[in-house]
Amino acid sequence: MRWAAGYFFVAPALLLIAVFFVFPVFSAFLLSFTDFDIYSLGNIEYLRFVGIDNYINLFGNSRFWTALGNTFYFVAVGGPLSVLVSLGAALLINSKLVRLKTLFRTVYFLPVVTTLVAVAVMWRYLYHPRYGLLNFALSGIGIEPIDWLGDPFWAMPAIILMAAWKNFGYNMIIFLAGLQSIPDSLYEAARVDGANRWHQFRYVTLPMLAPTFLFVGIITMIGYFQLFAEPYVMTQGGPSNATLSVVLFMYEEGFRWWNLGNAAAIAFVLFVIILAVTLLQLRLQRER
Amino acid sequence: MIQPTIRSICFALLILLCGCDGEIKDKVTIDFWAFGREGEAVQELVRDFEAEHPHIRVRVQQIPWSAAHEKLLTAYAGDAMPDLFQLGNTWLPEFVALGAVAEFGPWVRDDPDIDDDTFFAGVAATNVIDGVVYGLPWYVDTRLVFYRSDMLEKAGFKTFPGTWSAWREVMERVKESVGPDKYAIFLPVEDWTIPTILAMQQGASLLADEDRYGAFDDPRFREAFDFYLGLFRDGLAPSSGGSQVANLYQEFSNGYFAMFVSGPWNIGELKHRLPGKEHLWATAPMPAPDGAAAKGGGVDGATPGVSLAGGASLAIHDGSEHKDEAWLLIRYLSGTEQQERFHHLTGNLPARKDSWIASGLDKEPRTRAFWRQLQQMAPTPPIPEWERIARTIGRYTEATVRNTMTVDEALASLDEDVDRMLEKRRWLLARDQ
Amino acid sequence: MDRVVRLVIYALLFLGLVVTATPLLWMVSASFMGSGEASTYPPRLLPSAATLDHYVALFSRLNLGRYAFNSALLATAITLVSLFLNSMAGYAFAKLRFTGRDRIFKALLAALVIPVQVTMLPLFLMLKQMGLVNTYWGVLIPGMANIFGIFLIRQYALSIPDSLLDAARIDGASEFRIYWSLVLPLCKPILVTLALFTFMGAWNDFMWPLIVLTDDSMYTLPVALANLLGEHVLDTELMMAGSVLTILPVTMLFIVLQRSYVEGIMMGSLKD
Amino acid sequence: MASVDFEHIDKIYPGGTQAVFDFNLTVADGEALALVGPSGCGKSTLLRLLAGLETATRGTLRIGGQAVNDQPPQRRNVAMVFQDYALYPHMSVRENLGFPLRMQGVLKDEIRRRVDETAELLGLKHLLERKPRQLSGGQRQRVAMGRAVVRQPSVFLMDEPLSNVDAKLRVQIRTEIAALQERLDTTTIYVTHDQVEAMTLGDRVMVLRDGVVQQVASPQKLYDRPANAFVATFLGNPGMNIVATSFAEDENGNAELDLRGQRLPLPATVGRDLHSAKGQGAFIGVRPEALLLTEPGEDSLSLPITVSSVESLGHEQLVYCRLPDPEQPEARALDEAMSDFDATPGQLVARLPATPVCHVGTQLRLAVESWRVHVFDVDGVCRCHGLGASAVPAEVQ
């Protein structure tokens, strides 16, 4: 009887998840072995089973590699950057010497709750090579104007910078929680043992934050691999594909050109990469 | 305490979610998608139409040009097509191939107001596929040159040149006179239209073998491409892309560049945005390649080089339940008088020749360039994949402009990519034979 | 020594404050500038004469009110429905016994690694089959149940003493009654947090509404804003006004309820 | 009001652990039964079975003669007081008390009346509008009682209701509960791990261990005549001392015990069936208060000990002492078996008057009157209470 109650409670949510999440995941897997495209949408007879051709074509497509490279660039540079900025902000705010903690915390967090599309629109203008605030500020310290979004070299750094600005507050909060969960007595013990500030940070704070680091690392990485709205709004993947991300590439294949088979293959490759990197991170953590 | 509130909110939401599509019974509502400025301007015409046809209500949805193609395909994929929609006429083959567009045959045949000479021939032709009419031209669009007549004059030119070599020379002179921070011409780096126009002027066919394969290794395409790239290489055009130019009109007015290649809507925009500066700018048809080898275009500037047979058509969704009403609206919008009004609202050029003559557009200096250009038009290949191919051309153009690829690499990759895109087309053609 | 350290810390913190807040403040400021004023050199920080023109244009010409309504409607509906379903499931995973409970829960957690983009393509085709593309339901349905929400509720519900539930059972309450009159009020802190999370997520969501909605009368604010950018990319000040309006409601909500939001993040991260 | 019957109840949890083995018990109408045992002995499981929070794997449960196995909790008309009180934190005291009535569909006015009545009875009137977190521990406890009382159930179930109250208050509430039970005369099953509570509140006390009943009896009998070494050591504070010995025979063939060389004669009635056990180990049990610092009389035995520690409690002292190590290896092996009932081999506790003060290291002799010695066999089963002439054979359970 109580068992029935359990099923009754989980059934609606599980049913929805099964139908609108699990089933699509499996369908996507099947889809990636077909050439489902706009023709097939019109007439299902035009659908062909193509085996792993989609994957083979993908690996032979230079745009895919570009997208993959860009995405890794974004994750590898943007991820650590945003995590480090978060850690720095958390350490500063958590300092015993600081008052107005709530003010700093709230303002630092503000970009997180803002709508990505809106801030991306805004940053487009901040990045304007001639009229943008950023170049103006840089000119103040003697740096020549940079064509942030128009120069293939700078476009990805520009996106990374914006993403770091937008996201660091979230991880900062998690780090703050981690920092606050370290008991004061540990620091006191360390001080009694003669540790200076750096030693305390190195031998108490950092090791105690290790689980937080792992968590932050994984969620940031998973989120960053799914880069989409920033380049979609700011650069449409340009210039010269410099900001084309895997998800944007998938979106283009799938929802601009309606090559759903191809797009499903891209999505799956992304999935495998995310899974692999997550497992790798867990593994590294365990070995330590 | 709080529960009743939550419950009533839920209830209200349910009603909202279910009840939002309520329609008034005895009125027919047709959905009409129009793009960009047209979408805004057409509302006024539609109100008059509704007044004339009280039983029809028209819901106009305005879609930005940059998202229009994507939105139409998404709507098709999601079974959410409007009854009536505007369509870039290079897209028509795609939607015909998908079976998304209704045939116009009987309506057009029985209409006393429409005959073979009503519209510009080059544009009308883009609406006919395999002899069947699928759309009616709404306005015409082609690309030609906008230029700052004062800047050209300062560099020593009173008229706009008619050949590539003369054009090049003008640009060089202008560049000399404006100095290092300004440019002779502005060309968007990821644009496909200008290289394609230049290539078509050279007589390149773009695709080969009944449009089964790319033909970008054609030397004529190569020649056009080289000419185009030369403008960047030699510093005549800024190679940093559109982002430098926050506001095209402002920069044009500042003299950041002296020319740009664009469509007729910019006549209206420039008038609107640069009030009091009408005397500073003018339009000219595309120059033609030198020598007699050129296709279509006149020899050495006598007549313009060909340009894209662009423009927008109006088409009806094949699955629409209100085709007759939609046709009424199309007929209304392509009437002589409405075409004129539409021109005044948007600056877009009427597709009907009689509207041109009635409003004197063929005489007015700025539009006269278009009148001349419109006689010299060439269509892009009428295949569904064209839009995607066009964007790919744009991408490789950008890659070469930015020097990340050599011309040889770019053209080879372009051919390769296009061949891959056409694989399904080849399969379908083979299958249906 | 401490004074120097304190000075350095404050300097860094205020630098951070400037870097974080400036873009947002500039956006607000630019939205009040006259047309073209934001594209001048040197850049202006404040409007020479504040104008509401762009806001008026957004509401009168560009239908922004409608998009705001859509966003509010969808975000509210998603929040209420998902809160209801997720809390039921989360509670059951924490407190009710049934075969396979732990295995199902582990499977759900593992599924968190699957990027949502994988599901989008088939989901679109499914919704098309069901005739739900281009409807509010199309946006709503995939957001109705959410694994992270279930997880968060479960973690919190674990702390409810079993004896409380048993007491209610003995007192004669039905299982649903226990959930509705006992568990829900007890989970109020986490429900508020999750409601905020969900509401903001739904409000800020971009990719899915972009895909599933074609009719502009149903656009949400972010989609409408991206759309507007395609059309009015040159009108910096207008776009800034649109951005301000898109960001404003969630920002206000956050500032009012920031405490429970921040606590929620901590809860979601630490009780792993 | 109703009697309660457990008939051959087994409870096996899904994980495979068996909490209750073939459990049988009848609680008479109006009786107060205290269930006592160490944690994990299955006593809470029994309550939860009765409440309907768990289902029995086997056997029949009756309330008022009616089988209730398949009845959900709300149909059994039992009320339960939980260890942590389980007050609904978001409801006021009034709402807490009224909740069970509301669930029964009692009309609003009637709920009001009965809640007021109960509040009056328990002295909660002035607290009715408060939330549980605004109450002290004792007040919460009383509200929990009130919630059970208000619905006039046929059985009260109390699951360690006093374990969260501080020691001083506990005594007071204990008497209140006893008085309340007396007054309402409702069948009550009271689970506790505290023997004092069990002894004071139960008409009968049941000692449970690992899901198996050890003994059911009145409090006094349980103390005086424990059925086995477990019950003996579990009840009393400190519990009964257990000392390993072995069976022997005197020259006449009479059974006796051999305790570090002292010969303890066993009564013939007991001795007879122990003949076969000759040479086997056995235990004797002595309550701490039975150990006396006097010269052994003729009907008492004497234990040579060394004082190892002293706890002075003011009015008395608890003296922990060691017996000399046994010589026989088998007795040493027996020592190890003692950990089974929580006794340290060779250690004794004596409850002695505050004077004379004992000192650590002193060697003493303690005397025990032989009627106060209990004899247990190697399995811990009690064979007789008292030695020699005063001996009484134990009832075999």
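Note that these values count all heavy atoms, side chains included, but never hydrogens, waters or copies made by symmetry. Below, chains carry the letters A, B, ... as their sequence lines are ordered, and counting in each starts from 1.
The six-membered or imidazole ring of Phe9(A) lies away from that of Phe93(C), with a centre-to-centre distance of 6.0 Å or more. For Tyr232(A) and Phe206(C), the ring centers sit closer than 6.0 Å to each other.
Taking 4.5 Å as the limit, every side-chain heavy atom of Thr236(C) sits out of range of all side-chain heavy atoms of Tyr131(A). Taking 4.5 Å as the limit, some side-chain heavy atom of Leu127(C) sits within range of a side-chain heavy atom of Phe20(A). You'll find the side chain of Val112(A) stays beyond 4.5 Å of the side chain of Met200(C), heavy atoms only. Here the side chains of Tyr125(A) and Met240(C) are in contact, with some heavy-atom distance below 4.5 Å. Considering only heavy atoms from C-beta on, Ile114(C) stays 4.5 Å or farther from Phe268(A) through its side chain. Counting only heavy atoms from C-beta outward, the side chains of Leu16(A) and Leu85(C) approach each other to under 4.5 Å. Looking at heavy atoms from C-beta onward, Val117(A) lies out of side-chain contact with Val223(C) at the 4.5 angstrom threshold. Looking at heavy atoms from C-beta onward, Phe23(A) lies out of side-chain contact with Leu123(C) at the 4.5 angstrom threshold.
Rounding to the nearest 0.5 Å gives a distance of 9.0 Å between OG1 of Thr22(C) and CG of Leu126(A). Taken from CD in Gln117(C) to CD in Gln226(A), the straight-line distance is 4.5 Å, to the nearest 0.5 Å. A distance of 11.5 Å separates CZ of Phe109(A) from OG1 of Thr251(C), quoted to the nearest 0.5 Å. Here OG of Ser243(C) is found 13.5 Å from CH2 of Trp123(A). Values are rounded to the nearest 0.5 Å. Atom CZ of Phe271(A) and atom OG1 of Thr119(C) lie 11.5 Å apart (nearest 0.5 Å). We find the CE-CG distance between Met88(C) and Leu14(A) to be 10.0 Å, quoted to the nearest 0.5 Å.
When heavy atoms are compared at a cutoff of 4.5 Å, Leu221(C) does not approach chain A at all. Contacts between Phe176(C) and chain A at a heavy-atom distance below 4.5 Å involve backbone atoms as well as side-chain atoms. Residue Leu253(C) does not touch chain A at all, counting heavy-atom pairs closer than 4.5 Å. Of the atoms belonging to Phe197(C), it is side-chain heavy atoms, and not backbone ones, that fall under 4.5 Å from chain A. With a 4.5 angstrom heavy-atom cutoff, Phe225(A) does not touch chain C via any of its atoms. Only the side chain of Ile255(C) comes within contact range of chain A, with heavy atoms under 4.5 Å apart. Residue contact with chain A, scored on non-hydrogen atoms closer than 4.5 Å, is absent for Leu248(C). For Leu12(C), the parts lying under 4.5 angstrom from a heavy atom of chain A are both the backbone and the side chain. In this structure, no portion of Ser87(C) lies under 4.5 Å from any heavy atom of chain A. Looking at Met130(C), the atoms closer than 4.5 Å to chain A (heavy atoms on both sides) all sit in the side chain, from C-beta outward. Using a 4.5 Å cut-off between heavy atoms, Met126(C) contacts chain A through its side chain alone, with no backbone atom that close. Neither the backbone nor the side chain of Leu245(C) comes within contact range of chain A; no heavy atom of the residue lies under 4.5 Å from a heavy atom of that chain. With a threshold of 4.5 angstrom between heavy atoms, Ile104(C) approaches chain A through side-chain atoms but not through N, CA, C or O. Within the 4.5 angstrom heavy-atom criterion, only side-chain atoms of Ile211(C), from C-beta onward, approach chain A. Contact of Met122(A) with chain C is made through backbone and side chain together, with heavy-atom distances under 4.5 Å.
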I would like to know whether Val119(A) and Met27(C) meet side-chain contact (heavy atoms from CB on, under 4.5 Å); could you show each step before the answer? CA-CA 9 Å; Val119(A) 295; Met27(C) 172 178 75; 5.6 Å; no

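Ranked by heavy-atom pairs shorter than 4.5 Å toward chain C, the options Val216(A), Leu133(A), Leu31(A) are led by Leu133(A). Of the listed residues (Phe26(A), Tyr108(A), Phe21(A)), the one with the most heavy-atom contacts under 4.5 Å to chain C is Tyr108(A). In terms of heavy-atom pairs under 4.5 Å with chain C, the best-connected choice from Val85(A), Leu110(A), Ile222(A) is Leu110(A).
Of all heavy-atom pairs between Gly6(A) and Ala92(C), the closest is O-CB, 4.0 Å. Arg99(A) and Tyr10(C) get closest at one heavy-atom pair: N-OH, 2.7 Å.
Annotation: residues 272-281 of chain A contacts chain C through Ile274(A), Leu275(A), Thr278(A) [non-hydrogen atoms, separation under 4.5 Å].
Note on ring orientation: taking the six-membered ring where Trp is involved, the planes of Phe104(A) and Phe14(C) are perpendicular (angle over 60°, cut-offs 30° and 60°). A tilted orientation is assigned to the rings of Trp258(A) and Phe124(C), their planes being inclined by 30° to 60°.
Each of Thr115(A), Val233(A), Val121(A) was scored for a side chain to side chain contact (heavy atoms under 4.5 Å, CB included) with Leu225(C), with one residue passing: Val121(A).
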